[in-house]
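Take a look at the structure below.
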Amino acid sequence: VTYGVLISGFAKDGNSEAAENWFQDLRSKGLPLNQIIYSSIINAHCKAGNMRRVEELFLEMEKLGYPAALGIYNTIMDGYVTLRDENRCLEIFRKIKDTGIQPTIVTYGCLIHLYIKMKKISRALEVAKEMQSNGIVHNKMTYSMLIDGYVQIGDPLNAFLVFEEMMEAGLKPDVVTYNILVHAYCKQGDMGKALAILGHMKKEGHTPTLQTFTSIIDGFAKHGDVRLAMETVNRMKRSGLRPSATTYNVMMNALVQERQMNKALSILDEMILAGIAPNKRSYTILMEGYACIGEVGLAFAFFNRIKDEGLEVDVITYGALLKACCKSGRMQSAREILREMADAGFECNPFIYNTLLDGWAQRGDMWQAEEVLQEMKNGGFSPDICSYTSFLNACCKAGDMQRAAETLEVMRNAGIQPN
RNA sequence: CAUGAACAGCACGAUACU
């Protein structure tokens, strides 16, 4: 029991190392293990994404003859949801059914969550249907996930339709549901409505959370009111909430959009002083700013800082570096970055190709631009409106209006309307 | 009346023109 308390405590704390150590300690003492211990240690590793270890433990547990409760399956599935591993999730789901266990709403919730995260709403709806056909009715969480799914893909209309359905089902929205609605309005820039929801949720006795405020701050920032954004930060602090890394990122992004790099940097300082560790997004936001003003060196400096601090880089980080090069005409450096990116195992996506296209276009190099277009197609992506606009730009800069006119045709034939 | 697990939902970064 004592070990169980410790292991589950560390699991909750997100410290899978410590949990594992206590688990080993317990085992070396030859004390009896049981399902509770296993579910705690599996939980710890799921939260940390150590799914290899999870599988090991699970097999071990089965071998020792402890029956796997549904809760463990759900926990493991959730671990794979975080990793967006659809195949493993489905395998587990199948296994649950094969074992003759009835999936619960939590099981279905995990699957719905998976598809929402993958932005495959239609699949999420199918799962919901199957759930209902098995006699399980939606609860606040499953509804909230669907509402959020629509918000994420920029379809507030359907989001609100689901919300109404939820109300009609007699379910009262909770903080998370309200946060999702606030987010929906903020995304559209309808700040009046967002604030109205804020007022309403308070009236219903729900205390706004970090997410509530951060959505509002971001909404103001992205829709042209940095001042109100910053005032909201103060309002949030007065209400007793400390800004999180996300909140600081939102603030920096607001300032970066206005090219107030020094102010953005002072937010970074404030963040560190507050004991909040910047993450890769924090630095990418700054890199973007420097890229836009042609400060290639500073963009690189922050890129190195990400690595130095042991944080991961990703395609978006590389994209910011590329942009820094392309915007300042340093196409040779851009090439090198592409190579480095490929070596690091990242594939080009349309954003990357379009950044490159833009780089060549600005120099009026229609030929290199054409090559990128071709590579893009070879890479399995169809050029989009951005690609063609850049290419047109390249043609015009190169003085080849004939080619520009042809490109317009090509676009139309590809089903892309010039805007 | 006193010890452990049991699980799912919300906020931030990238491409052209504007």
Side-chain angles (χ1 to χ4, degrees), chain A residues 1-9 11 34-43 46 69-79 81 104-114 116 139-149 151-152 174-183 186-187 209-219 221-222 244-254 256 279-288 291 314-320 322-323 326 349-359 361 384-393 418-419:
Chain A
V1 174
T2 314
Y3 279 95
V5 174
L6 286 167
I7 295 171
S8 77
N34 59 28
Q35 301 101 311
I36 299 184
I37 294 293
Y38 271 103
S39 98
S40 305
I41 184 70
I42 286 177
N43 192 3
C46 280
L70 180 58
I72 295 198
Y73 285 112
N74 290 341
T75 305
I76 297 176
M77 237 172 97
D78 185 50
V81 168
T104 62
I105 192 161
V106 177
T107 320
Y108 285 108
C110 288
L111 272 184
I112 293 174
H113 187 208
L114 170 77
I116 294 301
N139 63 14
K140 285 178 201 187
M141 283 198 187
T142 53
Y143 271 128
S144 299
M145 288 187 252
L146 293 178
I147 298 171
D148 183 49
V151 173
Q152 300 291 348
D174 62 11
V175 215
V176 176
T177 320
Y178 280 120
N179 284 346
I180 293 168
L181 297 181
V182 168
H183 184 211
C186 290
K187 245 188 129 174
T209 64
L210 267 176
Q211 281 93 333
T212 328
F213 283 109
T214 307
S215 291
I216 294 173
I217 296 163
D218 193 41
K222 290 220 174 93
S244 65
T246 302
T247 319
Y248 284 113
N249 288 349
V250 167
M251 289 189 255
M252 287 194 285
N253 198 33
V256 163
N279 56 32
K280 71 179 173 191
R281 291 191 188 201
S282 324
Y283 294 126
T284 309
I285 288 167
L286 295 169
M287 287 174 66
E288 278 293 325
D314 61 20
V315 202
I316 302 186
T317 329
Y318 275 109
L322 257 192
K323 187 167 167 181
C326 290
N349 64 22
F351 288 90
I352 300 290
Y353 288 118
N354 289 342
T355 304
L356 277 170
L357 266 169
D358 179 53
D384 58 16
I385 183 80
C386 301
S387 327
Y388 283 117
T389 311
S390 293
F391 190 67
L392 280 173
N393 189 12
N419 61 16

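Because the structure is a prediction, the values reported are computed rather than measured. All heavy atoms count here, side chains included; hydrogens, waters and symmetry mates do not.
- Contacts of A/Ser282 with the nucleic acid, taken as non-hydrogen atoms under 4.0 Å apart, are absent.
- Nucleic acid contact class of A/Thr107 (heavy atoms, under 4.0 Å, all strands): none.
- Remark: the A/Ser282 side chain and the A/Asn279 side chain contain an N/O donor-acceptor pair separated by less than 3.5 Å.
- Looking at heavy-atom distances under 4.0 Å, A/Asn43 makes contact with sugar-phosphate atoms alone, never a base.
- At a threshold of 4.0 angstrom between heavy atoms, the contacts of A/Gly109 include nucleobase atoms, whether or not backbone atoms are also involved.
- A/Val1 comes within 4.0 angstrom of a nucleotide base, judged by non-hydrogen atoms across all strands.
- For the pair A/Asn139 (side chain) and A/Thr142 (backbone), a donor-acceptor distance under 3.5 Å is present.
- Contacts of A/Ile7 with the nucleic acid, taken as non-hydrogen atoms under 4.0 Å apart, are absent.
- Residues that satisfy the side chain to side chain donor-acceptor pair (under 3.5 Å) test with A/Ser40, not counting sequence neighbours, are absent from this structure.
- Checked against side-chain contact (heavy atoms from CB on, under 4.5 Å), A/Asn43 has the following partners two or more places apart in sequence or in another chain: A/Lys47, A/Thr75.
- Listed for the A/Thr214 side chain is no donor-acceptor partner under 3.5 Å among the backbone atoms of A/Gln211.
- Bounding nucleotides for the chain A contact on RNA chain B, 5' to 3', at a heavy-atom distance below 4.0 Å, are B/rU3 to B/rC17.
- Contacts of A/Val5 with the nucleic acid, taken as non-hydrogen atoms under 4.0 Å apart, involve only primed sugar atoms and P, OP1 or OP2.
- Looking at heavy-atom distances under 4.0 Å, A/Thr177 makes contact with a base.
- In this structure, A/Ile216 reaches neither bases nor backbone, as no heavy-atom distance under 4.0 Å exists between it and the strands shown.
- A/Ser390 and A/Ala361 get closest at one heavy-atom pair: O-CB, 3.2 Å.
- Within the 4.5 Å cutoff, side-chain heavy atoms of A/Ile116 are placed close to those of A/Ile112.
- When heavy atoms are screened at a 4.0 angstrom cut-off, A/Lys140 is found touching base atoms of the nucleic acid.
- The residue A/Lys222 sits close only to the backbone: its heavy atoms come under 4.0 Å of sugar-phosphate atoms, none of a base.
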